[in-house]
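Note that these values count all heavy atoms, side chains included, but never hydrogens, waters or copies made by symmetry. Computed from a predicted structure; not experimentally measured.
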Amino acid sequence: TPQQLKLTTEGMMVGTPFAIAPEVLRGADGDERGDLWALGVLLYEMVTGVLPFQGHTPVELGSSILHDPLPALPARVPAGIRTIIQRCLAKEPGQRYQRASEVRAALETVESGESSRPGAIEPSPRDARPRVPRRVWQVAAGIGVLALALGAIMIARGVPGMGTPRVRSLAVLPLENLSGDPEQEYFVDGTTEALITQLAQIQALRVASRTSVMAYKGTRKSLPEIARELDVDAIVEGSVTRSGSRVRITAQLIHAPSDRHLWAQSYERELSNVLALQDEVTRDIAERIRLQLTPEERERLDRRQLVNPAVYDLYLKGRHQQNQLNEASVHKAIELYRQASELDPKDARPYSGLADAYAVLTQIIGTVPPEEGWPKVREYARRALALDESLADAHVSMGAVLWLADWDWDGAEREFRRALQLNPSYSLGRSVLGILLISVGRPEEGVGELRRALEQDSLSLFTSVNAEWGFYYARHYDEALRQGRRLLEIAPEFAAAHGAMRHVALARGQFATAIGHEAQTFPPPMRAAAETRLRAAFVAGGPRGYWEAEREASLARGFDRYWPSWLAAVEGQLGNHDAAIQWLDRALTVKDGNLAFLLVDASMDPLRRDPRFAAVLSRLRLAPPS
């Protein structure tokens with residue numbers, strides 16, 4: 001009735017003043033994350049005996065909530081409880097737990113007592129252990145009650161029931177660096193990559209690639225949105241904390257379509273046990289989503305391999321440098337891998353990294369002569385596989401040598417297929433298998449593998465450029481151009497992508513377009529002059545003028561040492577068959593990797609009727625098509 005007291009009015013904020021979330025004070029609508037802020041206030045008060053934010057008046061209190069940093073928790077507070085409180089009381093809602101289920105899982109993890117789990121941090125000796133005040137143990141005793149209360153919140157908010165949904169694909173988002181040291185970013189990224197690799201080795205599971213998920217580092221997109229873009233059923237997210245010789249990984253699994261929390265766990269071990277820690281995380285995720293592991297997969301995840309922390313550190317730094325994909329960073333990676341292999345000659349990973357790095361410098365970047373590079377790739381891949389046959393990337397490196405240096409087509413195919421057996425989600429391995437199949441005259445089979453590789457990882461530079469070149473060799477020119485344009489949107493300076501676009505344009509007689517792309521393959525200070533010279537030659541002499549200028553430019557760039565097969569193609573275009581065959585002989589001598597594409601490369605078409613060209617194909621154990 002009109003005489004009754006009105007308890008609220010429009011625009012009035014309702015709630016316990018000390019527990020009102022910052023976004024509500026700013027006028028935003030409250031949601032579940034505001035409830036979790038209030039829970040953080042309660043936990044903070046239980047631990048310390050005081051409220052985190054205070055003021056003599058409502059205005060002062062509101063100002064403190066909005067602007068004051070969270071007062072430091074006492075050192076006696078256990079790390080698990082400290083992390084939960086700090087995250088609940090993050091000023092920005094997006095930085096808090098996003099749902100009650102996450103807090104419940106974290107509280108249950110603390111309640112279960114990590115010290116009782118294999119691999120969890122062990123307590124200090126009694127005389128060295130700091131005394132924990134009764135208040136902290138009271139908080140720990142109340143965690144079970146809080147978890148039950150959060151369960152009630154979840155039910156009230158309509159969280160689905162107990163059944164585990166079907167998960168056959170997932171993405172591991174970039175783990176968060178909670179070490180408080182930006183210099184540890186390489187270690188955190190390496191841990192993310194290791195978990196992706198481990199999970200990708202489970203045949204029943206499709207895992208988004210490293211390059212795909214790294215695009216979401218620091219993103220503010222929602223998990224369902226990310227899952228839709230990556231086309232996965234579930235998301236793994238978490239954090240890494242490294243302190244001295246200890247490593248802690250916290251991971252949680254979320255069913256993306258329902259935004260439902262399925263599992264969370266925290267693991268802590270010595271750095272020397274980091275591989276076993278990663279295996280345990282992988283096995284726990286597989287068990288949670290009820291995947292059937294093969295005996296080989298289970299055996300691999302049950303291993304208890306120790307690492308030398310210094311060696312593992314150097315290896316991760318090397319991977320971080322190599323992922324930059326430029327000549328200087330790859331050379332830095334080689335030096336780091338070498339240091340690691342000298343510290344522990346029995347660790348396979350540094351040798352596999354060395355094989356990868358030299359393959360990149362020899363075939364992709366083209367700054368190491370093939371007669372020098374391929375023996376190094378072979379030796380390091382051989383050492384890696386002798387120590388650990390399960391390294392998929394080492395099998396790809398060995399396959400590359402068999403393919404591009406030995407012309408052992410069957411052996412290379414076996415290595416590439418073994419890599420995919422070990423890691424079905426290894427898009428790079430699938431892309432090189434695709435090009436191999438095209439190079440030996442199985443174009444449609446190879447194109448199918450390239451398309452599958454792009455479905456697995458369309459953001460990987462190497463997978464993408466392999467597909468672009470593969471489509472060119474298969475003479476799927478329109479598809480090669482589409483792939484090249486997508487790749488250049490991601491990496492406008494990627495010379496190998498411009499090189500494939502140039503080859504497509506030349507195959508179609510589009511010299512002006514070819515010159516524009518070719519200029520981008522020169523070092524930046526030389527591009528303008530190279531383009532001017534090539535265009536002037538074409539204007540003055542037409543196609544012949546272009547090819548003569550191309551011969552001069554290729555010799556100046558040292559192609560006679562690295563890629564003499566290209567000089568053979570140039571001479572063939574000029575009609576100089578004798579010179580072309582001489583260059584092919586030179587290419588055979590130096591193990592030019594591009595000879596592997598002699599059967600299918602359109603630039604070699606003018607030489608195909610020369611019987612001496614057929615003899616070269618025979619030496620490569622390639623049969624000319626009937």
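Salt-bridge check for Glu413 with Arg417: passed, with a basic side-chain N closer than 4.0 Å to an acidic carboxylate O. Between Glu379 and Arg383 there is a salt bridge, since a side-chain N of the basic residue sits under 4.0 Å from a carboxylate O of the acidic one. A salt bridge is absent between Glu449 and Arg442: the closest approach of a Lys/Arg side-chain nitrogen to an acidic carboxylate oxygen does not fall below 4.0 angstrom. In summary, Arg319 and Asp356 engage in a salt bridge, as defined by a charged side-chain N under 4.0 Å from a carboxylate O.
Nearest approach of Trp407 to Arg621, heavy atoms of both residues: O-NH2, 3.2 Å. Scanning all heavy atoms of the two residues, the minimum distance from Ile196 to Ala208 falls at CG2-O, 3.6 Å. In plain terms, the two heavy atoms of Gly429 and Val396 that are nearest each other are CA-CG2, 3.9 Å. Considering every non-hydrogen atom in both Ser212 and Asp457, the closest pair reads OG-OD1, 3.1 Å. Of all heavy-atom pairs between Leu271 and Pro309, the closest is CD2-CB, 3.3 Å. In terms of heavy atoms, Leu487 sits closest to Ala497 at CD2-CB, 3.5 Å.
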Item to complete: Output, in order, the C-alpha distance, side-chain angles, deciding distance and verdict of side-chain contact (heavy atoms from CB on, under 4.5 Å) for Phe597 and Leu404.
Response: CA-CA 9 Å; Phe597 310 110; Leu404 301 173; 4.2 Å; yes
Worksheet item: Step by step, would you call Leu306 with Asn273 a side-chain contact (heavy atoms from CB on, under 4.5 Å)?
Response: CA-CA 5 Å; Leu306 295 177; Asn273 276 310; 2.8 Å; yes
Worksheet item: Hey, mind stepping through Glu389 and Arg418 against side-chain contact (heavy atoms from CB on, under 4.5 Å) and telling me if it holds?
Response: CA-CA 10 Å; Glu389 196 275 340; Arg418 177 56 179 158; 2.9 Å; yes
Item to complete: Let me see the working for Arg210 and Asn323 under side-chain contact (heavy atoms from CB on, under 4.5 Å), right down to the final yes or no.
Response: CA-CA 11 Å; Arg210 173 195 174 278; Asn323 287 335; 3.3 Å; yes
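By the 6.0 Å contact criterion, CD on Glu229 is enclosed, its count of non-hydrogen atoms from other residues, nucleotides or ligands being greater than 12.
Side chain of Trp409 to main chain of Leu620: a donor-acceptor pair is present (N/O by atom type, distance under 3.5 Å, no hydrogens or angles). Looking only at distances, no side-chain donor or acceptor of Tyr358 sits under 3.5 Å from a matching main-chain atom of Ile334. The closest donor-acceptor contact from the side chain of Ser341 to the backbone of Arg338 lies under 3.5 Å. Judged purely by atom type and a 3.5 angstrom limit, Thr192 uses its side chain to pair as donor or acceptor with the backbone of Val188. Within the 3.5 Å criterion, the main-chain N or O of Ser390 finds no donor-acceptor partner in the side chain of His395. Between the side chain of Asp592 and the main chain of Ser565, a donor-acceptor pair closer than 3.5 Å is present. Of the possible polar contacts, none joining the Asp233 side chain to the Leu170 backbone as a donor-acceptor pair under 3.5 Å is found. Between the side chain of Asn466 and the main chain of Phe462, a donor-acceptor pair closer than 3.5 Å is present. Here the side chain of His498 pairs a donor or acceptor atom with the backbone of Pro492 at under 3.5 angstrom. Checking side-chain atoms of Ser397 against main-chain N and O of Asp393 turns up a donor-acceptor pair under 3.5 Å.
Tyr473 contributes atom OH, which lies 5.0 Å from atom CG of Asp601 (distance to the nearest 0.5 angstrom). Residue Trp374 holds its CH2 atom at 10.5 Å from CG of Leu402, rounded to the nearest 0.5 Å. Between Glu297 atom CD and Gln203 atom CD the span is 5.0 Å, to the nearest 0.5 Å. Separation of atoms CG (Leu437) and CD (Glu445) is listed at 4.5 Å; rounding is to 0.5 Å. For the atom pair CH2 (Trp263) and CD (Gln252), the distance works out to 9.0 Å, reported to the nearest 0.5 Å. How far NZ of Lys332 is from NZ of Lys317: 12.5 Å, rounded to the nearest 0.5 Å.
When side chains are defined from C-beta on, Arg451 counts as touching Phe471, because their heavy atoms get closer than 4.5 Å. Using a 4.5 Å heavy-atom cutoff, the side chains of Val172 and Val213 are not in contact. Taking 4.5 Å as the limit, every side-chain heavy atom of Leu195 sits out of range of all side-chain heavy atoms of Val236. Val311 places a side-chain heavy atom less than 4.5 Å from the side chain of Pro350. Contact check for Leu454 versus Gln483: side-chain heavy atoms found under the 4.5 Å cut-off. The side-chain heavy atoms of Arg557 and Phe522, taken from C-beta on, include a pair separated by under 4.5 Å. Contact annotation: the side chain of Tyr351 approaches that of Pro345 to within less than 4.5 Å [non-hydrogen atoms, C-beta and beyond]. Proximity of Leu175 to Ser239: side-chain heavy atoms (C-beta onward) are nowhere separated by under 4.5 Å.
Under the 3.5 Å distance criterion, with hydrogens and angles disregarded, no donor-acceptor pair is assigned to the side chains of Gln456 and Ser425. Using modelled atom types, one finds no donor on one side chain facing an acceptor on the other under 3.5 Å when comparing Gln184 with Asn177.
By the side chain to side chain donor-acceptor pair (under 3.5 Å) test, Arg87 is found to be paired with no residue, residues two or more places apart in sequence or in another chain being considered. For Asp231, the side chain to side chain contact (heavy atoms under 4.5 Å, CB included) test picks out Arg206, with sequence neighbours left out.
Relative orientation of the His503 and Tyr472 rings is perpendicular, given thresholds of 30° and 60° on the angle between their planes.
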